[in-house]
Amino acid sequence: MRMPKILARRCQIAVGGAVVAMLLAGPVVATSASASPLSDQPITSINVQGGMVPEARGVVPSLNGQDLSPDLSGPSCRSVTFYGSAGAIYVQTSPGGYVTWGIYMYNSALNPGPWLVNVMVNGKQVDHKSQEYAPHASVPPKIAKKGSYFSLYAVHYSVVTEIWYGSVPNGCIVP
Amino acid sequence: MDALSRDLAAKLADRLNQIVPTGLSVRPENAALTVYSGDQNIGGSAALTIIDNEDSRSLEEKIETAVTSTLSGIQDCIIEALTGSWPGQSGPGPDLPLPDCRIVGDQLRIWFGDEKEPVISLPSIGVH
């Protein structure tokens, strides 16, 4: 039976929070194992580069002009965190094949402000977010098929720091 | 092209407002759909803008992808607002009925659940 989306959403946020705490508490490690709330079996949660980084003051990053070529050598989307210097992108895949994702600044006070996100599968855009709070969503298995390359392009303006942040190229393979 | 995404947003909002729970509403804002609880914006989806992209996909494929993503985003918002399943009855039991759609001829068919036995179907939308 497929896990209801709301449960997957809650698990994703909880897992994301735990990873953020770990990143803030000490040096980043290449990988860390954790029990997945999305499955009865423990899975390995992977941390790689690709999260949110600040732009130079006055520089506005763009979602256009991104390299849309899918890189088929990425990690699994089962449970992966793309960390940047300012924020992280969390991706998990439920047993039913739903790819859930969320993007959060490490300092939650920096989350308010415009967010623009392009959700890509195999280099093609499949979703778009334009909102004033930290984005999270899920992509149905019909769209993010097993073996496809999932990636996110995000830009965010923090009304607190008054600078723009952009995502570092990232991507994973849907399990 | 963007006229199509805006028109589709308006028609989707009209269909969804026939089935969303009391107290919630869906409003079209250009090519985006936003869910409101009363007058409070509780989220939404701008996925219909995909239709305006120029890439190797057919228009039909982009419409089906964009509408499925939009409905999934709207479903997420409503589920979070209700803290329960939607559409259909809340509580443990059968799988959550997932949104899906398909273009047949010049009509966009939309449903939640299994295509052959949907939990709910929305009135079709003309797309050409």
Side-chain angles (χ1 to χ4, degrees), chain A residues 1-13 63-70 94-102 111-112 114-145 148 150 152-155, chain B residues 5 29-35 41-58 61-62 64-88 90-102 112-115:
Chain A
M1 185 174 72
R2 199 186 74 75
M3 171 173 285
K5 292 167 73 176
I6 189 169
L7 295 182
R9 167 71 48 77
R10 287 173 175 169
C11 292
Q12 174 225 324
I13 294 172
L63 290 177
N64 298 324
Q66 300 270 8
D67 179 7
L68 302 183
S69 302
S94 74
Y98 251 81
V99 179
T100 61
W101 60 269
N111 282 327
W115 288 83
L116 295 172
V117 184
N118 282 352
V119 183
M120 316 294 291
V121 172
N122 288 337
K124 301 285 195 309
Q125 188 181 355
V126 300
D127 200 356
H128 177 67
K129 292 287 181 182
S130 174
Q131 57 192 54
E132 297 292 321
Y133 50 90
H136 60 272
S138 56
V139 180
K142 173 187 175 183
I143 294 175
K145 294 182 173 66
S148 58
F150 178 88
L152 295 166
Y153 296 126
V155 298
Chain B
S5 56
E29 295 171 350
N30 295 316
L33 290 182
T34 304
V35 181
N41 177 339
I42 61 170
S45 173
L48 292 176
T49 57
I50 296 169
I51 297 170
D52 305 330
N53 291 355
E54 292 188 8
D55 58 35
S56 60
R57 290 174 292 186
S58 67
E61 185 179 359
K62 286 190 287 188
E64 290 182 356
T65 296
V67 170
T68 301
S69 290
T70 298
L71 294 172
S72 180
I74 298 299
Q75 184 181 38
D76 285 350
C77 291
I78 293 175
I79 284 174
E80 288 184 354
L82 297 177
T83 62
S85 181
W86 181 86
S90 297
D95 292 351
L96 182 71
L98 304 179
D100 205 348
C101 66
R102 184 188 306 275
F112 288 83
D114 184 80
E115 183 173 7

Check: A:Pro140 and B:Leu98 side chains under 4.5 Å, non-hydrogen atoms: no
Do A:Asp127 and B:Ser45 have side chains that approach each other closer than 4.5 Å (heavy atoms only, starting at C-beta)? yes
Given a strict heavy-atom distance threshold of 4.5 Å, which part of B:Ser56 is in contact with chain A: side chain, backbone, both, or neither?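 The answer is both parts of B:Ser56.
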Under the rule for salt bridge (charged side-chain N to carboxylate O under 4.0 Å, His left out), what residues qualify as partners of B:Glu29, not counting sequence neighbours?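 Once residues adjacent in sequence are excluded, B:Glu29 has no partner under the salt bridge (charged side-chain N to carboxylate O under 4.0 Å, His left out) criterion.
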How would you list, by chain and number, every residue that makes a salt bridge (charged side-chain N to carboxylate O under 4.0 Å, His left out) with A:Lys142, sequence neighbours excluded?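 Per chain and number, A:Lys142 pairs via salt bridge (charged side-chain N to carboxylate O under 4.0 Å, His left out) with B:Asp100.
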Between B:Ile50, B:Asn41, B:Thr65, which shows the greatest number of heavy-atom pairs under 4.5 Å with chain A? B:Ile50
Is it the side chain or the backbone of A:Val126 that comes within 4.5 Å of chain B heavy atoms, both, or neither? both
